[in-house]
Amino acid sequence: MKNNYKDLSIKELTAEETKLRSELFNLTFQNKVGQLQDTSSIRNCKKNIARVKTALNAKKKAGAKE
């Protein structure tokens with residue numbers, strides 16, 4: 001599921017990145033323990049982190065304020 005991160009502010013993007021990184025940590029831990037059923041969720045989480053970072057860098061380059 002692609003989210004529209006371009007409409008969020010810098011503060012919201014930073015919070016979203018933190019949330020996604022925490023989710024990625026939990027998914028990775030579940031995978032190592034053997035409790036994760038859908039391993040593609042790790043890949044999707046990494047892609048969403050990349051989308052957030054791309055939108056965040058674009059906003060910073062454009063000179064947007066928080």
Chemist: Leu20 and Cys45: which non-hydrogen atoms are nearest, and at how many Å?
Modeler: O-SG, 3.3 Å
Chemist: What's the separation between atom CZ in Arg51 and atom CG in Leu56, rounded to the nearest 0.5 Å?
Modeler: 15.5 Å
Chemist: Looking at CD1 of Ile49 and CD of Glu23, how far apart are the two atoms once the value is rounded to the nearest 0.5 Å?
Modeler: 8.0 Å
Chemist: Please answer whether the main-chain N or O of Leu24 pairs with a side-chain N or O of Thr28 as donor and acceptor at a distance below 3.5 Å.
Modeler: yes
Chemist: Just verifying a value: how many Å separate Lys47 NZ and Ile42 CD1, rounded to the nearest 0.5 Å?
Modeler: 13.5 Å
Chemist: With a 4.5 Å cut-off on side-chain heavy atoms, are Glu16 and Lys19 touching?
Modeler: yes
Chemist: Using modelled atom types and a 3.5 Å cut-off, is there a donor and acceptor pairing between side-chain atoms of Lys59 and backbone atoms of Thr54?
Modeler: no
Chemist: Might you work through the side-chain contact (heavy atoms from CB on, under 4.5 Å) test for Gln30 and Leu27, ending with a clear yes or no?
Modeler: CA-CA 5 Å; Gln30 288 175 2; Leu27 289 172; 4.2 Å; yes
Chemist: What distance separates Asn26 CG from Asn31 CG, expressed to the nearest 0.5 Å?
Modeler: 12.5 Å
Chemist: Please report the shortest heavy-atom distance between Leu13 and Tyr5, naming the atom on each side.
Modeler: CD2-O, 3.6 Å
